[in-house]
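What follows is a set of notes on a single structure, which appears directly below.
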Amino acid sequence: MKLKKRKKELPQMHAIIKGWVKYNGRSLRKLSKLMGQGENYLQQNLKSNDIRPSLLIELSGWLGVNLFEPYLLLLDANPIIKPTQKEQKLLNEIESLKKELEEVKKERDRYWEVIGKR
């Protein structure tokens with residue numbers, strides 16, 4: 001995939017971040033100052049749609065939201081990409097819980113059969 005095409009497919013993080021900043025009752029300028037940077041720090045770093053992961057991590061902490069989620073949604077759409085270890089562990093846990101639920105339902109049904117025969 002060419003870089004220019006990939007950049008067009010990336011989420012519009014400037015708008016997403018600006019929305020979360022506004023939701024938290026701040027401005028990019030105020031948040032930049034809170035982060036110990038110059039007033040235009042965030043404005044400059046959010047110009048391009050190719051934002052550094054370290055900045056996304058820092059902003060996620062300040063805003064209380066996972067700013068990687070829009071990227072994860074892009075990965076879900078790609079069947080070639082394997083799940084992370086954490087996701088795989090959760091998927092395995094879900095499967096285990098589904099099996100346990102089926103066993104509990106079978107046991108419940110057996111109890112109802114016994115109760116119904118009385």
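Here the structure is a predicted model, which is why all the values come from computation and not from measurement.
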Do the side chains of [Y] and [X] get nearer than 4.5 Å, heavy atoms only?
| X | Y | result |
| --- | --- | --- |
| Q43 | R29 | no |
| L31 | L63 | yes |
| L55 | R52 | yes |
| D50 | M13 | no |
| Q37 | N45 | no |
| L59 | V21 | no |

### Message
Treating N66 as the side-chain partner and F68 as the backbone partner, does any N or O pair qualify as donor plus acceptor under 3.5 Å?
### Response
yes

### Query
Quick check: does any side chain N or O of S60 sit under 3.5 Å from a backbone N or O of L67, one acting as donor and the other as acceptor?
yes

Using every non-hydrogen atom in the two residues, find where [X] and [Y] come nearest and quote the distance to one decimal.
| X | Y | result |
| --- | --- | --- |
| S32 | G38 | CB-O, 3.1 Å |
| L28 | L46 | CD2-CD1, 4.0 Å |
| R26 | W62 | NH1-O, 4.0 Å |

Would you compute the distance between atom [atom1] of [X] and atom [atom2] of [Y] and round it to the nearest 0.5 angstrom?
| X | Y | atom1 | atom2 | result |
| --- | --- | --- | --- | --- |
| S27 | K22 | OG | NZ | 11.5 Å |
| K47 | N40 | NZ | CG | 8.5 Å |
| L42 | I17 | CG | CD1 | 8.0 Å |

Which atom pairs, donor and acceptor, lie under 3.5 Å between side-chain atoms of residues 91-105 and protein residues at least two apart or in another chain?
from, atom 1, to, atom 2, distance (Å)
N92, OD1, Q88, NE2, 3.2
N92, ND2, Q88, O, 3.4

